[in-house]
Student: 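What follows is a single structure, and I will ask about it in a moment.
No hydrogens, no waters, no symmetry mates; every other heavy atom, side chains included, goes into these values. Computed from a prediction, not measured in an experiment: that's the story for all the values here.
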Amino acid sequence: MLKVFKELKKITDNIFISFSKKSDPPPKIRIVVGLNQVNQMIPNGWDERLNSPTKEAEKQIQNRCEDIIRTLSRQIDISEFNIEYYSALKCYRLIPLLTTIIQNSYAGFKIANVDPADPFELADSDVKAAVDKQRREMIAPGKGEHDSNQKNLDALKKVMSPEDFNLISGKLQQETKYPPKVAVIGKSGVGKTTTINNLFNAQLKTSPTTVGTTKAQTKEFTLSTGGTLTVVDLPGYGRSEAEDREYKKIYETIIPECDIVLLILQANTRDFSDDIEMLQQITTLLKNNPIPRRSEKFQ
């Protein structure tokens, strides 16, 4: 019986811990810090033919970013697992960034169908052809994608009473009707638009843009597997105190509604003071709203 309960806890954690009102460990903070533009950190460190850093540059980028991550984690009191480095322009490390977003999102499984831009699309044609060939050889013929959520539900059904199973599966179905909502924020010039376009492959999957406020743009993307993803591009901060006061009202309205907040920093800057102040404000907002507010149409 003890073995069954251990297995049950493991399975339920995989699906439900990110949006449970009571969880152990405590609910995660729904924020990811993205250190963008790492391709600019090391002079002459980028191999354009392969569209990747040289081996030496890659190690230097990793070391510098790990130093930044440790510093930010200490000053903001968030986990190092909430911070990731990447280059939106070069489509570099978009998969690790997306994985971190999924892991820290409320009900992050809803974002699992996002398909970031392929970095090898920017490589030389011979490199891309070789990679494409290797990928085809790695995929077994006739092997379809496995629905991991359904697998977990099937496992749950074996160890739970029908009443408990129906309760949990009903909660899962209720949550999936809420389109995942991502807020993206950062100073001007840090690469918000490029991140949105390449991380969420917006050029291929975007529907008509609507304006959520006069300063925040809301875009709904159609996912290749069905459903939609809402991304809110929030106005930048750090240009003037007057603007920051004005935008604060927008942040306080929109951020508590989001499944995850992606705050983008420029990795090769030396001054994170404005970013740290903003991160402290956002983490406070999210701690005060551990579960996303739902708009009236989903009530």
Student: Any heavy-atom pair between the side chains of Asp259 and Arg30 that's under 4.5 Å?
Tutor: no
Student: Check whether any side-chain heavy atom of Phe272 lies under 4.5 Å from a side-chain heavy atom of Leu279, and answer yes or no.
Tutor: no
Student: Report yes or no: does Ser73 contribute a side-chain atom to a donor-acceptor pair with the main-chain N or O of Ile78 at less than 3.5 Å?
Tutor: yes
Student: Within the supplied structure, the quantity of interest is the number of heavy atoms (other residues, nucleotides, ligands) at a distance under 6.0 Å from Asp126 CG; does it exceed 12?
Tutor: yes
Student: Evaluate the side-chain proximity of Val184 to Leu199: yes if any heavy-atom separation is below 4.5 Å, no if none is.
Tutor: no
Student: Excluding sequence neighbours, so at least two apart, what forms side-chain contact (heavy atoms from CB on, under 4.5 Å) with Leu122?
Tutor: Asn51, Cys91
Student: Taking the side chain as everything from C-beta on, heavy atoms only, tell me whether Pro235 gets closer than 4.5 Å to Glu246.
Tutor: no
Student: Would you indicate whether Asp77, at its atom CG, is surrounded by more than 12 heavy atoms from other residues, nucleotides or ligands within a distance under 6.0 Å?
Tutor: no
Student: Could you walk me through whether Lys128 and Asp132 satisfy the salt bridge (charged side-chain N to carboxylate O under 4.0 Å, His left out) test, starting with their C-alpha distance in whole Å, then the side-chain angles of each, then the deciding distance to 0.1 Å, before giving a yes or no?
Tutor: CA-CA 6 Å; Lys128 182 180 181 303; Asp132 288 343; 2.9 Å; yes
Student: Do Leu285 and Val261 touch side chain to side chain, with heavy atoms closer than 4.5 Å?
Tutor: no
Student: Any idea which heavy atoms bring Lys192 and Gly236 closest together, and the distance?
Tutor: NZ-N, 3.9 Å
Student: Given side chains that start at C-beta, do those of Val231 and Phe221 come closer than 4.5 Å, heavy atoms only?
Tutor: yes
Student: Once side-chain contact (heavy atoms from CB on, under 4.5 Å) is applied, do any residues pair with Asp118, and if so which ones, sequence neighbours excluded?
Tutor: Phe120, Glu121, Arg135
Student: In chain order, what residues pass the ring pair (Phe, Tyr, Trp, His ring centres under 6.0 Å) check against Tyr85, with sequence neighbours excluded?
Tutor: none
Student: Is the closest side-chain heavy-atom distance between Leu98 and Ile111 below 4.5 Å?
Tutor: yes
Student: What I'd like to find out is whether the side chain of Lys187 reaches to under 4.5 Å of the side chain of Gln266, using heavy atoms alone.
Tutor: no
Student: Please lay out, stage by stage, how Lys219 and Asp233 fare under the test salt bridge (charged side-chain N to carboxylate O under 4.0 Å, His left out).
Tutor: CA-CA 8 Å; Lys219 299 179 181 180; Asp233 186 354; 5.7 Å; no
Student: Does the Asn104 side chain pair with the main chain of Phe81, one donor and one acceptor, at a distance under 3.5 Å?
Tutor: yes
Student: With rounding to the nearest 0.5 angstrom, report the CD to CG distance, Glu48 to Leu50.
Tutor: 10.0 Å
Student: For residues Glu58 and Gln62, is any side-chain donor paired with an opposing acceptor at under 3.5 Å?
Tutor: no
Student: Kindly give the heavy-atom pair with the smallest separation between Ala88 and Thr195, and that separation in Å.
Tutor: CB-OG1, 3.4 Å
Student: Residues two or more places apart in sequence or in another chain: which of them pass salt bridge (Lys or Arg N to Asp or Glu O under 4.0 Å) with Arg64?
Tutor: none
Student: Within the distance-only criterion (no hydrogens, no angle test), does the side chain of Tyr237 pair as donor or acceptor with the backbone N or O of Asp275 below 3.5 angstrom?
Tutor: no
Student: Could you work out, with side-chain contact (heavy atoms from CB on, under 4.5 Å) as the rule, every residue matching Glu241, not counting sequence neighbours?
Tutor: Arg245
Student: Can you name the salt bridge (Lys or Arg N to Asp or Glu O under 4.0 Å) partners of Glu243, sequence neighbours left out?
Tutor: Arg239
